[in-house]
Each structure stands twice: as structure tokens, then as C-alpha cells.
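Treat the numbers as computed from the prediction; the structure is a model and nothing was measured. In listed order, ligands and their atoms are each counted from 1.
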Amino acid sequence: MTSTAPFTATVLGLPRIGPKRELKKAVESYWAGRVDAGELRRVARDLRTAQLTAAVEAGLDSVPVGTFSYYDQMLDTAVLFGALPPRVAGIDDPLDAYFAAARGNATVEPLEMTKWFDTNYHYLVPELGAETEFSLHPDKLLTELAEAIQLGVPARPVVIGPLTFLKLAKDAAGDPLARVDALLPHYVELLRQLATAGAGWVQLDEPVLVTDLSADELALAGRVYSELSAAADRPKILVATYFGTPGAALPVLASTGVEGIAVDFVAGTTVDEVAAVTTLGTKVLVAGVVDGRNVWRADPDKALGTLATLLGSTGALVVSTSSSLLHVPYSLDAESDIDPTLRSWLAFGAEKIAEVRLLATALHEGTAVVAADLATARAALASRAADPRLRDDTVRARLSALGESATRRSPAAERRVLQAERLPLPLLPTTTIGSYPQTPAIRKERAALVKGDITPEQYRERMRAEIADVIALQEKLGIDVLVHGEPERNDMVQYFAEQLHGFHSTANAWVQSYGTRCVRPPILFGDVTRTRPMTVEWIEYAQSLTDKLVKGMLTGPVTILAWSFVRDDQPIEDTARQVALAIRDETVDLQAAGIRVIQVDEPALRELLPLRAEDKANYLEWAVSAFRLSTAGVSDATQIHTHLCYSEFGEVIGAIAELDADVTSIEAARSHMEVLDDLNAAGFALGVGPGVYDIHSPRVPSVEEITTSLREALEAVPAERLWVNPDCGLKTRGPAEVEESLRNMVAAAQAVR
Ligand code: GLN
Ligand code: ZN
């Protein structure tokens, strides 16, 4: 039995993909039939063992168990409560059923995938329906718990809580929260089994409590945790909130019988909010003072100040990360090729665990015990604050000299007239979103360049050959606005981060994005400046090959921020303006090089949307303003395009019109053009290219299908404003299907014209 006493140092969850992406490799080998399930389980178990042992050695006295996953924790929760949809539940082998739910197979459609709160992690959306009947399948969790206890780990099993599980599910029958009474008995039984298996504490993750909840939902939260804490035979319950303040949910939770509450002091909870809830005086407060989702070393004095203030308001105080470490890379150890000064400012997963231990020791035993470590931390922070790379006076002066007018172009109608005169475009112009297939050959060239097997000059020649092929293909197909195909870009953010000052591109700092897919977000640490053009040579070359218009392709400031680890020492809007200025300089250079159409992609615009309604307007204001700053430096005759990667606009619909791009391409094929009605309702009157086919599927759309889509679109949008393009970039598709699909797209556009 692990202890039921309060602990002192913990984290809310551990990453699982492996320090060297071992799990990714094992899972993909299993999918490819190269290893069997036994081998996959062995790799997973070894990873868990190493990780749990390391966490205990590093001094955590309560360690989360069960945050391991072969794919995703929401999917695990659906399995735990027998809530897989029937099309999957029918598959005999549980592991095959699991992966079918995650990624589909020849006959089964996978669950939908979407962003986990405001992070870059994607979870699978549980599907509930009339046939859903919850049942308990705790084998995975019990196995991992037994494994940990056997290792002598002070294990704290972690499960997604009922509110979050239900609220994030989609329910064919209506409000998924209405099922709570059917679900709760299974949680009660799970608690009983966990206690029997030796768990002293259980953590129930309820990040949904940091979003806006109705009065009914808050009351439900109170009832759920009163009922769960009334269960007779159970571990102590820690309810974990993270990614924001629980706000009104905090007193509600505190008035139930749960023993502990985890609160995120990095993402907005204040000590005053905690002090105001007197019922917290008898609870264990797990204080998230070490940022669990950004890579900066914590300020120990600030954290200790927060902790000292909290001491009087709680029954027991535990030091923790603000969230699971799922969102940061494993350890700085893997990052060998990094400037030592920059390195000293950072803390990845392993270093964060050490920070938690340090703070807990300082809190409970006094700072003298850890004086040396505190001194190291303070010295690193001082070096960061004083580093000249954090302040570039030229860029700051340029930005303050740019007034409000730098975000404004002439009225759209005037621009349209100028552009119509200058740009040779037919009615219903056809174009693509930017990338063409990133073939194995292209990736091999890039790997060869990185390894030094080919010279930059050779690489350049090979990429130019790719560009020439892509231009020739588009000319052959009869596309109207061509692109260069982006062969030279490893990633649409990293490509720019590698060239801008103020960013560090990591070598091995992988973070799970979804399933086996990992990303390496660049670290934006200083003032951002562009020292030379980043794309002009490629685009200019592409334009030199054709008389048709070639569209310059850039990534927008909001997306660059969303897919990076961003500095935490200044307001994000200031950082956004610096990135915007760099992109703006690039648009001006592209224009000077004769490029007349420029696309600035913002697929992540909606991702950074704050979780609370009260914060949304401010976000949209700076995000829109950063985009406009990046695009308003060109003349009215230069046509600005943008691309958005989602079709349910919801709260960002108004912002899309305010971006004021001459043409906006958007995902629409799967939502059957409903987006156009939404845009119309929001008063959008600019050019729009609703994706006419879904690039996420290898299927080639027929001419008839695309024609139908276009006719549907024409019911909502006049022909003068309508563009014809796929849903998104083509980099993940094969060359043959791309050619066929685009041929059909052009034929459909011609038919409708
Ligand atoms: N221009 C990028 C591409 O075509 C856009 C990708 C995206 O929307 N995520 O790949
Ligand atoms: Zn896209």
C-alpha cells in the first residue's frame, strides 16, 4: 500500500514517447508488423520502469502512474469505461481495436482528433451514442500500478476525471454530461479496486474546470466530487486542475470531501483566490509553481514567495509542476549542440523534476540546505535577464515608430479594383495551399545536407530541380496561381525559426503532438530579427520559370508563436509584433522581387484562443493586429492570401474578416461548405477559397464531386469572390494522387466557369 499521508514533491504527469522516441519507434514497428505485441509491451514497460525509477531517485515522494499511453489518454479513458464505438468494439484483439480507434484501418474510421485545451497535443474524441453502456476495464491502470508498487515507487494512479471525460466527448444523444449518473458508479468501483491494489492516493484530472462553466455545470462538479468522496473504500482523491485558474470551481471542489486539489499558479491562479477559499484550510494543496508546459528554468524566489504565502491557507502544501510534463521534452541531456548560456536558462522534464524537489526542500527544510542549487538558479536567471540577445534596440525602435497605420491597408474594395487590373486572373481562379508532396527523395536530400553528405550548393540545386518540376506540373495542369511547392522546408515554423535571430532550433527536444507524431518546437528566447531574406530566392526562382503568377509563401506570426516555446519574460503580444515585423520585411522583399501574390498562413490562429471568454477579445485583438502588421507593408496591388486550417470558426469568425486578407483559403470539404454561410453571417466580403476536396484522405475526388462543391459554394458566394483550391497543403500526399486530384479540380473549375 502506498502512503495516504500528504506528500511534498510531485509532478502531474510524465511524458511517454521515450527520451529517444523509443515508444514511437516500437508502435510504428508494431503497425508495420515488424514486432509483435509482446515486444511492444516490453519496450513500453522498460520505458516506464526507467522513468519511474528516475522520478523516485530525483526525489519525488508521489509519482503519477498511468499517464503512460500507447496513443492517447482520452482514448485510454474511453477504453477504461467501455466507451469505444461499436464499429471498433467489435474488433477481437484489444490492441488492434485500440489502434483502430486511434487511426482507423481499411474498414474502420478512427475517432476524431482535436486539440487538448490550448496546447499542441491532440486527443481522440470519445464518441458516445445510444448504444454506449459504460463498463469498467481497469487492466491497464492496475497493471501499471502493480508494476510501480513492485518497484517500490510511491505511486499515485492518474485517471481523467468524469467531468473532463464527458465534457470532451461527443454525444450523438445530446449533452454528454447527462450521462454522469451512468458513469459515476464505475468510477466508484475503480476507486475501490485502486485502493485494494494498494493506491494511497488517486489523481483525477479535471482541466475542464478551468474553462467557463454554467451554474448547472458547477453544481454538477460539486455533486460529482461529493459522491466520489463519499465512496466507502477508496484512495485519497486529488482533483487536478491545470492550464488556468479553476475560479468559481475552486470553492465548489473545496466544499466536497476530496482530500487534495492541484492548482496551476503559472497559468493564472492567484494566491488571493486560494486564500479566499477558507475550506481549503483542511486540504492538501498541490501547488503548480513550476511551468509544466514551457521550457524555462523556474525563478525559485518567485516560486518560494508564492509557496510561503500559501502555507497559511492550506492543510498541507505540495510542490508540483503546473501540468503534466507531457508537453515538454524529456531532458536537456539530449540537447548537446546548444549554447551553454542558453542551456542554463532552460529546464526540460528531468530538470523540472529537480526544480520541484529543490523547492520542496527549501520550503520544508529551509533555503540553507539547498543554498548552492539556489545560487546556480539565481545566477542563470541573472544571466538571462542581462543577455544582450534579449533586447535588440533597433527592432524595438522600429516597432515603436510604426503606428496604428502600419496595420492598415486601403479599403478592400479599392484593393480589389487595383488587383483586378494588375493580376491576370480568370473567374474562379485555381490555386493550391503551398506545399507539394514531400517525397522520400526530398527528405533524403535534407538528411544528407544535415549530415554533411552533400554541400549546401548541391542541396540548393536539387531543391531548385524540385521547384522546376512542381512549376512544370502546375503549368501542365492549367492552375492559375502557382506555388513553388515548399520542398526546402522541413516544417513551416522551423524553417523560419532557423533563419531568424532570437530562436534556437533544437536537435532532439521532441514533444508528442499526437499518437506517434512528435514535433520539435523551436525555442523563442530573445528579440526576433531578420538578418536577410528567408524565402525570396526560392520564390523568385519559381517565378522566373513561368509567366503565370507565383504565390510567395510565408508562415504568419501567430502560427510561429503557437508552434514554438515562447519567451515568458515579456507579454506575448510584444513578441508577436517582433515576429510580425520580420514577416512584413519578407513580404516587402518578395514584392520588390516582382512577386504579386503572397500568402501568409495562419493555421494556428484558433489554437491560441484563451480558454476563458473574458480573455478572448484581448487575444484576438493582438493576434489580428500581428497578422495585419505582417501583411500591410505591401502595396494595394499586391494580393495577400491567408490560409486557415479548420472549418468550425466559432469564436474566431469575426477575427477572420478583420485579418483583411484579400483571399482566405479554408478547410471546408468535410463540412460541405457550411463555412461559407458562417462567413456570410459574420459579414465577410473578401475573396474566399473554401477547400473543394479533403487532402487528409488519399482518395482522388471526381470532377463531378468537385463541381458539386463549387456549385454549392456559388450559392453562398458570388463568383467574383470565389477561389478554387484544396483544403490544405499537399505535402503528406503522394505525387500520383495529387496530380489526378488537381487535374479534376481544374476540370471542375472550367466546367463551372
Ligand atoms: N502552406 C502550408 C502548406 O501548404 C500550409 C500548411 C498548413 O495549413 N498547416 O503545407
Ligand atoms: Zn491547412
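Side-chain polar atoms of N744 and E704 form no donor-acceptor pair below 3.5 angstrom. In summary, the side chains of T430 and D480 do present a donor paired with an acceptor at a separation below 3.5 Å, with no hydrogens or angles considered.
Taking every heavy atom of G729 and a limit of under 4.0 angstrom, the matching atoms of ligand 1 come to 3 (C), 4 (O), 10 (O). Near C728, with a cut-off below 4.0 Å to any heavy atom, the atoms of ligand 1 are 7 (C), 8 (O). Atoms of ligand 1 lying under 4.0 Å from at least one heavy atom of E486, given by number and element, are 1 (N), 2 (C), 3 (C), 4 (O), 10 (O). Those atoms of ligand 1 that come under 4.0 Å of a heavy atom in K731, given as number and element, are 10 (O). Against a heavy-atom cut-off of under 4.0 Å, M553 is close to the following atoms of ligand 1: 1 (N). Against a heavy-atom cut-off of under 4.0 Å, G434 is close to the following atoms of ligand 1: 4 (O). Near C645, the atoms of ligand 1 lying under 4.0 angstrom from a non-hydrogen atom of the residue are 7 (C), 8 (O), 9 (N).
For the pair R464 and Y541, the distance from NZ or CZ to the six-membered ring centre is under 6.0 Å and the angle to the ring normal is within 45 degrees.
Residue H643 has at least one nitrogen or oxygen atom sitting less than 3.5 Å from a nitrogen or oxygen atom of ligand 1, judged on distance alone.
Aromatic ring centroids of F243 and H327 lie under 6.0 Å apart.
The protein heavy-atom contact nearest to atom 2 (C) of ligand 1 is D601 OD2, 3.3 Å. From the protein, the heavy atom lying nearest to atom 6 (C) of ligand 1 is M492 SD, 3.5 Å. With hydrogens left out, the protein atom closest to atom 10 (O) of ligand 1 is S435 OG, 2.7 Å, a heavy atom.
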Checklist entry - Under the salt bridge (Lys or Arg N to Asp or Glu O under 4.0 Å) criterion, do R699 and E740 qualify, and how do the steps go? => result CA-CA 10 Å; R699 212 176 59 85; E740 241 188 289; over 6 Å; no

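For the atom pair CG of D660 and OG1 of T407, the computed distance is 9.5 Å after rounding to the nearest 0.5 Å. Distance CH2/W116 to CD/Q73: 5.0 Å, rounded to 0.5 Å. Between the CG atom in N508 and the CZ atom in R520 there is a gap of 7.5 Å [rounded to 0.5 Å].
At the Zn ion (ligand 2), the vertex angle linking SG of C728 with NE2 of H643 is 120° (nearest 10 degrees).
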